[in-house]
Amino acid sequence: MVAMAIRVVQWATGGVGRAAIEGVLAHPDLELVGAWVHSEGKHGKDIGELVGRDPIGVTATTSMEDILALDADCVVYSPLLPNEDEVVALLRSGKNVVTPVGWVYPDLDNCKAILDACADGESTLHGTGIHPGGITERFPLMVSALSAGVTHVRSEEFSDIRTYNAPDVVRYIMGFGVSPEEAMAGPIVELLGAGFKASVRMIVAEMGFDADPELESVQEVAVATAPLDTPVGVIEPGQVAARKFHWRAVVDGTPVVTATVNWFMGEENFDPAWSFGPEGERFEVEITGDPDVLLTFKGLQPDTIEQGLVRNPGIVATANHCVSAIPYVVDAEPGIKTYLDLPLLAGRAAPQFGAHR
């Protein structure tokens, strides 16, 4: 590992960005040296104040030129949607980039601009996150080593979307509270698919499945049967109140790798009558083989809607997965590096128990 503190910049300070700032400040090997913000109202503000802390003496900026000019080792790049031109500029400036918004398992044939920027800046890009970006491919691959003759790999999320504090995104991008026709024609399946298809392809390639080149994409909706009072407003009967998405790799007509997302506005008054089941909100990884293995992740969803609207642990975990990767990415050779290229990633001890105290 690098002996000196790794200088980190946070790009965007939404939910993941704020949590990443907290993670950097808690990490003994990292030093926060800057932040890019979208809002003029945040420009010039102390980054500590932006996350509800005491000032730390580092100010946020809306200027990309300021960020490019900073002496920094790594950028946690977490806008709502990725902009390849921004990533290319960061990499070319000599800054490594860790991001939860893409490049988990990219097609290198379509990444010439990024690879050229990595070569010019001697920098590295790593895509990570949770789902996709961890539970969808990193953890299934780890768990699959416990089985032989694997016939199916499944990763699946069951989440109450009422705890996601981004009303416009939930309604207009995720497609809740609109007609089924609007939801099915909306952008979310394509936006999600870019990441989930990459995750499925990583498992197919690494485990040696002879899967069809094109992945199946399936989306389903359930509508409200009674008015539902939600953080994005009242969802009326007939409007979308729950969504499912599936991405499948298929061999001879049989699914062999499946990534599924279940997003519900609660569990009541749906048609069809979907629910989380007795296990409640969770993430699951299941390997069908000899033996079958089922791994359930709890704690990545909040206990209450109110808690989730203030600080959602799934968003915090997404940020932490990025922050934990930084030392390993900084040490890596230039280029695009996936989980298959990096060593085992680990978090760090709390300050009161760490070797740096």
Side-chain angles (χ1 to χ4, degrees), residues 8-27 30 32 35-36 50-51 74-82 87 96-105 125-140 142 155-166 169-170 173-174 188 191-196 198-199 202 245 259-263 281-285 295-303 307-329 337-339 342 345-348:
V8 179
V9 171
Q10 174 58 43
W11 186 282
T13 55
V16 172
R18 290 193 300 273
I21 289 170
E22 294 174 349
V24 170
L25 294 175
H27 197 294
L30 307 181
L32 191 69
W36 181 90
L50 290 181
V51 296
C74 192
V75 177
V76 179
Y77 180 80
S78 61
L80 181 61
L81 297 173
V87 175
N96 301 284
V97 175
V98 176
T99 179
V101 293
W103 298 283
V104 169
Y105 188 66
L125 171 64
H126 173 62
T128 181
I130 284 190
H131 197 240
I135 288 171
T136 330
E137 66 295 295
R138 179 185 176 191
F139 297 113
M142 292 171 63
S155 64
E156 190 159 3
E157 173 185 357
F158 300 83
S159 291
D160 189 334
I161 212 64
R162 293 178 298 177
T163 64
Y164 189 64
N165 191 12
V169 173
V170 171
I173 296 179
M174 294 180 175
I188 189 63
L191 293 173
L192 291 175
F196 282 102
S199 297
M202 179 188 280
F245 306 90
T260 294
V261 174
N262 301 273
W263 286 341
E281 290 185 88
R282 64 199 183 279
F283 290 82
E284 290 183 347
V285 169
L295 177 64
T296 301
F297 293 79
K298 301 287 281 188
L300 300 180
Q301 285 104 348
D303 293 330
Q307 288 178 9
L309 294 175
V310 174
R311 192 171 190 267
N312 191 307
I315 291 173
V316 174
T318 299
N320 288 340
H321 212 182
C322 293
V323 172
S324 294
I326 291 172
Y328 304 89
V329 173
K337 303 299 180 186
T338 74
Y339 295 121
L342 297 175
L345 307 184
R348 291 295 180 270

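If you're wondering where the values come from, they're calculated on a predicted model, not measured in any experiment.
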Under the side chain to side chain donor-acceptor pair (under 3.5 Å) rule, collect the residues that match up with [X], sequence neighbours excluded.
{"X": "N320", "result": "none"}
{"X": "S159", "result": "E157, Q301"}
{"X": "Q307", "result": "none"}

Would you give me the side-chain donor-acceptor pairs under 3.5 Å for residues 11-20, sequence neighbours excluded?
{"from": "T13", "atom 1": "OG1", "to": "K42", "atom 2": "NZ", "distance (Å)": "3.1"}
{"from": "R18", "atom 1": "NH1", "to": "T13", "atom 2": "O", "distance (Å)": "3.1"}

Please check if the number of heavy atoms outside F158 that lie under 6.0 Å from its CZ is greater than 12. yes

Residue pair V98 / V329: nearest heavy atoms and the distance that separates them: CG2-CG2, 3.9 Å

State, without any angle test, whether T260 and E156 hold a side-chain donor-acceptor pair at a distance under 3.5 Å.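 Short answer, no.
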
Answer with yes or no after comparing the ring centroid distance for F297 and F139 against a 6.0 Å cut-off, counting only values under it.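 So the answer is yes for these two rings.
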
Is the backbone N or O of D160 less than 3.5 Å from a side-chain atom of T163, with the two atoms forming a donor-acceptor pair by type?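 Between the backbone of D160 and the side chain of T163 there is a qualifying donor-acceptor contact (under 3.5 Å).
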
All ring pair (Phe, Tyr, Trp, His ring centres under 6.0 Å) counterparts of H126, not counting sequence neighbours: Y339

Test side chain to side chain contact (heavy atoms under 4.5 Å, CB included) applied to V310 - qualifying residues, sequence neighbours left out: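 Residues passing side chain to side chain contact (heavy atoms under 4.5 Å, CB included) with V310: none at all.
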
Please evaluate residues E284 and K298 with respect to the criterion salt bridge (Lys or Arg N to Asp or Glu O under 4.0 Å), reporting the C-alpha separation (whole Å), side-chain torsions for both, the decisive distance (0.1 Å), and the verdict. CA-CA 9 Å; E284 290 183 347; K298 301 287 281 188; over 6 Å; no

